[in-house]
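First comes the structure, then the notes that go with it.
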Amino acid sequence: QLHLQESGPGLVKPSETLSLTCTVSGGSITSNNYYWAWMRQSPGKGLEWIGHIFYSGNTFSNPSIRSPVTMSVDTSKNQFSLKLSSVTTADTAVYYCARLDGWLADYWGQGTLVTVSS
Amino acid sequence: EIVLTQSPDFQSVTLKEKVTITCRASLNIGSSLHWYQQKPDQSPKLLIKYASQSISGVPSRFTGSGSGTDFTLSIDGLEPEDAATYYCHQSGIFPWSFGRGTRVEIK
C-alpha cells in the first residue's frame, strides 16, 4: 500500500523559506507512470494545486502562487521536496503531498500545518 | 484560471435520502473533472475520476455525470459515514483548480 508522509517545520517567519519533504513508501518515486504533487488548503483560499514534478526533474507549477516555488526529487531517499521562498502570512496552510496517476491525485499524505508568523 | 462553482455550499440531509451536488466550470474542461470527499482532519479521498469513472473501493452509491462545463455528483442513499465536505477538481487546463466545497451534514 502506497504511503506518503509530509515533514518539515510547522512555523516559518515571514520573508523566509518554507521547506517540506514528502517521503514515499510502498512504491518507487522513479516509476515512469506517476508525477508527484504538492497541494495546500487554507480557510481563505480553499484547496490549491501548487505544482508537480517527475522523478527526472520535470516540473509544472501554479503561476497563481505568489511565493516562488521550487520542487526537487531525491531518488536515493524516495523523497520529493517543496520550497516556497519569501513567504507571507497568506502561505499559512495545511500542505499535502500526493501521487498523480494521469492528471489526478489518487494518493495523498495526511497533511502538515505550516504557519507563517513572526 | 478555471473557476469551479459548486452548489450548494451546505446541505443537511436525512439518512437514505439522495444527495446531488453540482459543479460548474468557467470554461469547457471536457471530462477532466474529479470529485473528492474530505472528512475533518483527513486528507481528500478520490471518489470519482474523469466526471463519471468509478474508483475501486468507493461505494456504488457515489456516481458522477456531466461534461464540458456542468457536472454532478450524486449520492444515492446517504449513509452516516458520508457526512463530509465534497470538492470538485479540474485537471483539464493549467493551472488546475478546485471548487470551494459542499458540506453535507446528516439531519
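Keep in mind the model is a prediction, meaning the values are calculated, not measured. The chains referred to below are lettered A, B, ... by the order of the sequence lines, with proteins before strands, and numbering in each begins at 1.
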### Query
In terms of heavy-atom proximity below 4.5 Å to chain B, should A/Tyr107 be classed as side chain, backbone, both, or neither?
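Contact with chain B: none, neither part.
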
### Options A/Gly102, A/Ser64, A/Ala105, ranked by heavy-atom pairs under 4.5 Å with chain B, top entry
A/Ala105

### Task
Please say which of A/Asn32, A/Ile29, A/Val73, A/Thr59 ends up in a side-chain contact (heavy atoms from CB on, under 4.5 Å) with A/Phe54.
A/Asn32

### Message
Report which part of B/Gln42 has an atom under 4.5 Å of a heavy atom belonging to chain A: side chain, backbone, both, or neither.
### Response
backbone

### Task
Using the ring-ring contact (aromatic ring centres under 6.0 Å, His included) rule, take A/Trp108 and B/Tyr36 through it: C-alpha gap first, then chi angles, then the decisive distance, then the call.
CA-CA 11 Å; A/Trp108 296 56; B/Tyr36 290 89; 5.5 Å; yes

### Query
Is the centre of the A/Tyr35 ring less than 6.0 Å from the centre of the A/Trp103 ring?
yes

### Query
Between A/Arg99 and A/Tyr34, is NZ or CZ placed under 6.0 angstrom from the six-membered ring centre and within 45° of the ring axis?
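Relative to the ring axis of A/Tyr34, which defines the angle, A/Arg99 lies inside both limits.
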
